[in-house]
Student: 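Would you mind keeping the following structure in view while I ask a few things?
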Amino acid sequence: MTIATQQLHTIASAPLRLLLLAVLCVLAACSRNDCGTALPPRYVQGEAALQQGRTDEARQLAREGQAEAADSDAYYRYEVLLAKCHFAAMQKDSLLLSNRRLADYLARQSQPTLQQQQLGVELEMQRGVCFSKMVGRMDSALLHFDRALQLASQLPCQASNRLQLLINMADAYKQAGQYDQSVGHYRQAMELADSLGPTPATLISVSMGIASAYAAMGSFEQSSTWWSRAEELRPQMSAADVFIYLNNRGNDYFLQGQYRQSLQCFIELDSLLATQPDMVWERMFERCNLSDLYIRTGQPQRALPLLELTEQFFRQQQQPIPLYYLTTQRMELALMDNQPVEALRLDSLHPTPSWMIPEQLVLRQQVLISLYEQTGQWRQYAQAQQQLDRLRDSIASDNMKMRFSEALMSYEHQKQLFMKQQQIEEKDLSMKLSLTMLLALALAVGLLVVLLAQKQRERKLREMALRNRIASLRMETVRNRITPHFISNALTAEMLAQMDGKPVNLDSLVQLLHRGIEFTGCEQTTLSEELAFISFYCDVESRSIGPDFAYELQVAPDVDAAKVVLPSMSVQILAENAIKHGLKAMRPQQGQQRKLWVKATRQDGGTLVEVVDNGAGLTEGQQPGEGTGLRVLRQTLQLLNEQNRQQMVFTLENNHSRQLSTGCRAALFLPDHFKYTLNNDCDGK
């Protein structure tokens, strides 16, 4: 059952009488349910109004929706909204009546539709919430929540309902004192919320729920961690969230015996609720705790007005757990005033029901122990002390510790069996000696296996170091091959230009050859250095190509060329290949430029460098040529990719863009965090 965040009415389950749990069954209003079925707009508006605390408006929208409902399913969907309104207003009788109407409708369906099955899940959730939040019967609440979870698991698309149910079950387990189950269900809810995309409301509620469960178990280091997580989300908390946070944080301090810090939390909470006229229930709830803290800190005169006010309110609400708690406080005050007879009278008028939650039983037993001690009823005193010890042990140990105890008992049992077996073995000396020899042999074999494994590892490391050294020499050879090839091409281009009668300008050529020799000794360079090298190269080549040659460099704003690393001369090879086989192979045409583009852009965790020309391109069915430059590039990529998880990718293809109908596109993808030098140590890849 979805509950508006302004109306989180969870009945107590912690030593501070009424520890308000972070009710995690709040879902944001949405236009579709889990199965994608559109919800009526008026229903969505009603959900939103409930979340903002406008209960009367939500109730009116539900009535209007029922009056205009097109079919019975739509009518009873609004009945669900009405039930939520009744819960928000803590109107138990109205909630039960609405619940019966929905149950009667579903009972008449022989073959329920998907929408009716969803209503069935809502029905069981309503019943569970009613028992846990209004009646305080956690056993019945867990029964209905479990039924709802089984129904939801049969539907293909009930993730949100499963999240609600896990949260409600965690809340109920906490109130029942089964804290390990509570924390376990909270964590399941957190995992499911992560898979659905957790909302701040879910994170806030789960964090506070787990924190309060750990606090109730006395694991204050764990609870402090989760309170810190909730505190980080406080700017996103609604008034109801802050109410839950301060209430439960104050209870945590109380459980540690830090009554002054606890009192400060509840005083701050009382001031907050004074500015929230719609949160009357919450303020009365908080004042139950506040009155007890005044008693604990020796301020009974401040507790009395709060007791009278809250008793009247919860008597009208017909909520037995708060009234039981307030009676316990009255008994404490009677003992403080040295009126044991009055305390006995209150206990007889408000005896402990069998279904009362464990924490309230602890509080009542503590008062009864003081009462019996004061009146000298030592038999009753001993019985009450024994009962308190049992309750404390049940709460403090929780089911997790029970499972640990069971494991310990199992260990002791196995230990006894082993000792008996050992006694039998000691009687047979020959068996013992044989066993010892077998053990020694096994140890020797084990040591031999370890030594062989160590030798094998050392051999592999040596092989790996040798392989990396060979690869490094291959890389050096590759770079030495490209330099003479490149120098030959550059000098040939300059000689052809001179033979054609063009003016000789050796500055660019000298710069080009100088940088080419420098790159020979470098495994890697930066993109900015590579582009500068290509600019000199294009300047030299322009004299042999002709005046219709143009070179354009395009570096995207998000590419820092000075920080992008790549193998030396890799882009230069692509540029040379484009000019030699693409642009020079294309005859000059009047009014058309032979153009070379070098582009650098960011793409999918790396940098994409493209070399594009509008030259002759590849004929259909022709495979790209494998000259010296491209062979060197492919070998370089193969060597480097072998030692990296991420891969450099090289492609060469004809242009397919609308802007260019001819030419080729060569692309080199450079992943981020790529290692462009080879390993030469013994650590492997």
Student: Heavy-atom distance under 4.5 Å between the side chains of Asn99 and Cys130, does that happen here?
Tutor: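 Heavy-atom side-chain distance check fails, nothing below 4.5 Å.
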Student: Does Arg379 have more than 12 heavy atoms from other residues, nucleotides or ligands lying within 6.0 Å of its CZ?
Tutor: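 At most 12 heavy atoms, drawn from other residues, nucleotides or ligands, come within 6.0 Å of this atom.
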Student: If I compare all heavy atoms of Leu335 with all of Gln374, which pair ends up nearest, and what's the gap?
Tutor: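 Minimum heavy-atom contact is CD2-OE1, 3.2 Å.
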Student: With a 3.5 Å cut-off and no angle check, do the side chains of Arg229 and Ser207 form a donor-acceptor pair?
Tutor: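 Side-chain D/A pair, Arg229 to Ser207: absent.
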Student: If I compare all heavy atoms of Met284 with all of Phe314, which pair ends up nearest, and what's the gap?
Tutor: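 The answer is O-CE1, 3.8 Å.
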Student: Can you confirm whether Glu221 is buried at CD, in the sense that more than 12 heavy atoms of other residues, nucleotides or ligands lie under 6.0 Å from that atom?
Tutor: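 No - once you tally the heavy atoms of other residues, nucleotides and ligands closer than 6.0 Å, there are 12 at most.
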Student: Take Arg287 and Thr310, measure what side chain to side chain donor-acceptor pair (under 3.5 Å) needs, and give me the verdict at the end.
Tutor: CA-CA 7 Å; Arg287 288 184 168 185; Thr310 52; over 6 Å; no
Student: Within the 4.5 Å heavy-atom criterion, are Phe243 and Glu286 side-chain neighbours or not?
Tutor: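 Phe243 vs Glu286: side chains touch.
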Student: Can you name the ring pair (Phe, Tyr, Trp, His ring centres under 6.0 Å) partners of Tyr173, sequence neighbours left out?
Tutor: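 So Tyr173 forms a ring pair (Phe, Tyr, Trp, His ring centres under 6.0 Å) with His185.
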Student: Counting only heavy atoms from other residues, nucleotides and ligands, does the tally under 6.0 Å from CD of Glu64 exceed 12?
Tutor: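 Yes, enclosed.
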Student: Applying side chain to side chain contact (heavy atoms under 4.5 Å, CB included), run through Tyr324 and Ile321 and close with a yes or a no.
Tutor: CA-CA 5 Å; Tyr324 181 85; Ile321 294 181; 5.5 Å; no
Student: Return the CD to CG distance between Gln126 and Leu102, rounded to the nearest 0.5 Å.
Tutor: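 Going from CD on Gln126 over to CG on Leu102, the span is 6.0 Å.
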Student: So do the side chains of Tyr372 and Trp378 get within less than 4.5 Å of each other, counting heavy atoms only?
Tutor: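 Side chain of Tyr372 against side chain of Trp378, heavy atoms only: no contact under 4.5 Å found.
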Student: Short question: side chain of Gln365, backbone of Ala384 - any donor-acceptor pair under 3.5 Å?
Tutor: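 Confirmed, Gln365 side chain pairs with Ala384 backbone.
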Student: What I want to check is whether the side chains of Gln387 and Arg390 have a donor and an acceptor closer together than 3.5 Å.
Tutor: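 The criterion, which ignores hydrogens and geometry beyond distance, is satisfied for Arg390 and Gln387.
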Student: Show every donor-acceptor pair shorter than 3.5 Å between a side-chain atom in residues 140-147 and any protein atom, with sequence neighbours excluded, or say none if there are none.
Tutor:
| residue | atom | partner | partner atom | Å |
| --- | --- | --- | --- | --- |
| His144 | ND1 | Glu124 | OE1 | 2.8 |
| Asp146 | OD2 | Gln150 | NE2 | 3.0 |

Student: When you compare the side chain of Leu269 with that of Val242, does any pair of heavy atoms fall below 4.5 Å?
Tutor: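 A side-chain contact is absent here, since even the closest heavy-atom pair is not under 4.5 Å.
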Student: Using the ring of Tyr76 (Phe, Tyr or Trp, six-membered ring only), decide whether Arg101 places NZ or CZ under 6.0 Å from its centre and within 45 degrees of its axis.
Tutor: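 Not flagged: Arg101 not positioned over aromatic ring of Tyr76.
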Student: Tell me, please, whether Tyr253 has Arg249 positioned over its six-membered ring: NZ or CZ under 6.0 Å from the ring centre and within 45 degrees of its axis?
Tutor: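 So Arg249 does make the cation-pi contact.
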Student: Here's one to test your reading of the geometry: is the NZ or CZ of Arg63 within 45 degrees of the ring axis of Tyr78 and under 6.0 Å from its centre?
Tutor: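 Negative - Arg63 is either too far from the ring of Tyr78 or too far off its axis.
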Student: As a quick check of understanding, evaluate side chain to side chain contact (heavy atoms under 4.5 Å, CB included) for Tyr105 and Tyr75, giving each step before the final call.
Tutor: CA-CA 10 Å; Tyr105 170 67; Tyr75 179 89; over 6 Å; no
Student: Assess the residue pair Arg315 and Gln312 against the criterion (side chain to side chain donor-acceptor pair (under 3.5 Å)); give the C-alpha distance rounded to whole Å, side-chain angles, the decisive distance to 0.1 Å, and a yes or no.
Tutor: CA-CA 5 Å; Arg315 193 173 292 112; Gln312 180 181 0; over 6 Å; no
Student: Report yes or no: does Ser219 contribute a side-chain atom to a donor-acceptor pair with the main-chain N or O of Ala215 at less than 3.5 Å?
Tutor: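 No, Ser219 side chain to Ala215 backbone: no donor-acceptor pair under 3.5 Å.
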Student: My understanding is that only residues two or more places apart in sequence, or in another chain, count here; which of them pass salt bridge (charged side-chain N to carboxylate O under 4.0 Å, His left out) with Glu57?
Tutor: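 With sequence neighbours excluded, Glu57 shows a salt bridge (charged side-chain N to carboxylate O under 4.0 Å, His left out) to Arg54, given in chain and number order.
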Student: Do Asp347 and Arg345 sit within salt-bridge range, that is, some charged N less than 4.0 Å from a carboxylate O?
Tutor: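 A salt bridge is absent here (no side-chain N lies under 4.0 Å from a carboxylate O).
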Student: What are the two closest non-hydrogen atoms of Leu151 and Gly120, and how far apart are they?
Tutor: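 Taking Leu151 first and Gly120 second, the nearest heavy atoms are CD1-O, 3.9 Å.
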Student: Which value, rounded to the nearest 0.5 Å, describes the distance between Glu332 atom CD and Leu307 atom CG?
Tutor: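 Answer rounded to 0.5 Å: 9.5 Å.
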Student: Are the side chains of Ile244 and Asn248 in contact, using a 4.5 Å heavy-atom criterion?
Tutor: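 Asn248 reaches Ile244 side chain to side chain.
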Student: What distance do Ser291 atom OG and Glu308 atom CD have between them, rounded to the nearest 0.5 Å?
Tutor: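 With rounding to 0.5 Å, OG (Ser291) is 11.0 Å from CD (Glu308).
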Student: Test ring-ring contact (aromatic ring centres under 6.0 Å, His included) on Tyr214 and Phe220 and set out the steps.
Tutor: CA-CA 7 Å; Tyr214 275 125; Phe220 298 114; over 10 Å; no
Student: Tell me the closest heavy-atom pair linking Met237 and Ala230, and the distance in Å.
Tutor: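 Reported closest heavy-atom pair: CE-O, 3.1 Å.
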Student: Once rounded to the nearest 0.5 Å, what's the spacing between atom NE2 of His86 and atom OG of Ser98?
Tutor: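 Atom-to-atom, His86:NE2 and Ser98:OG are 5.0 Å apart.
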Student: Report yes or no: does Ser212 contribute a side-chain atom to a donor-acceptor pair with the main-chain N or O of Gly209 at less than 3.5 Å?
Tutor: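 Yes, Ser212 side chain to Gly209 backbone: donor-acceptor pair under 3.5 Å.
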Student: Relative to the ring of Trp281, is the ring of Phe285 parallel (under 30°), tilted (30 to 60°) or perpendicular (over 60°)?
Tutor: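 Rings of Phe285 and Trp281: parallel, under 30°.
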Student: Once you round to the nearest 0.5 Å, how far does CG of Leu344 lie from CD of Gln377?
Tutor: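 Rounded to the nearest 0.5 Å, the CG-CD separation comes out at 6.0 Å.
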Student: Taking all non-hydrogen atoms of both residues, which atom of Thr375 and which atom of Pro340 are closest, and how far apart?
Tutor: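 What the structure gives for the nearest pair is CG2-CB, 3.4 Å.
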Student: Any chance you could lay out the side chain to side chain contact (heavy atoms under 4.5 Å, CB included) test for Gln329 and Ile295, step after step, and finish with the verdict?
Tutor: CA-CA 8 Å; Gln329 292 185 38; Ile295 295 173; 3.9 Å; yes
Student: Test side chain to side chain contact (heavy atoms under 4.5 Å, CB included) on Leu306 and Arg302; report intermediate values, then the result.
Tutor: CA-CA 7 Å; Leu306 296 178; Arg302 293 191 175 186; 6.0 Å; no
Student: Answer yes or no: is there a side-chain heavy-atom contact under 4.5 Å between Val367 and Arg330?
Tutor: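 They are not in side-chain contact.
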Student: Salt bridge or not for Glu122 and Arg77, using N-O below 4.0 Å?
Tutor: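 Salt bridge present between Glu122 and Arg77.
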Student: Decide yes or no for Leu95 and Gln91: does some side-chain heavy atom of the first lie under 4.5 Å from some side-chain heavy atom of the second?
Tutor: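 Not touching, per the 4.5 Å side-chain cut-off.
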Student: Checking side chain to side chain donor-acceptor pair (under 3.5 Å) for the pair Gln116/Asp73: CA distance, chi angles, key distance, verdict?
Tutor: CA-CA 7 Å; Gln116 290 164 358; Asp73 285 352; 3.2 Å; yes
Student: Okay, side chain of Ser238, backbone of Asp241: is any donor-acceptor separation there less than 3.5 Å?
Tutor: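 Yes; at least one donor-acceptor contact below 3.5 Å.
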Student: Would you sort out whether Gln256 and Asp252 count as a side chain to side chain donor-acceptor pair (under 3.5 Å), showing the intermediate values?
Tutor: CA-CA 7 Å; Gln256 298 181 61; Asp252 194 305; 2.6 Å; yes
Student: Any chance you could measure Asn247, atom CG, to Asn289, atom CG, to the nearest 0.5 Å?
Tutor: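 CG of Asn289 is found 5.0 Å from CG of Asn247.
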Student: What are the two closest non-hydrogen atoms of Ser262 and Leu293, and how far apart are they?
Tutor: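 Nearest pair, atom of Ser262 first, then Leu293: OG-CD1, 3.3 Å.
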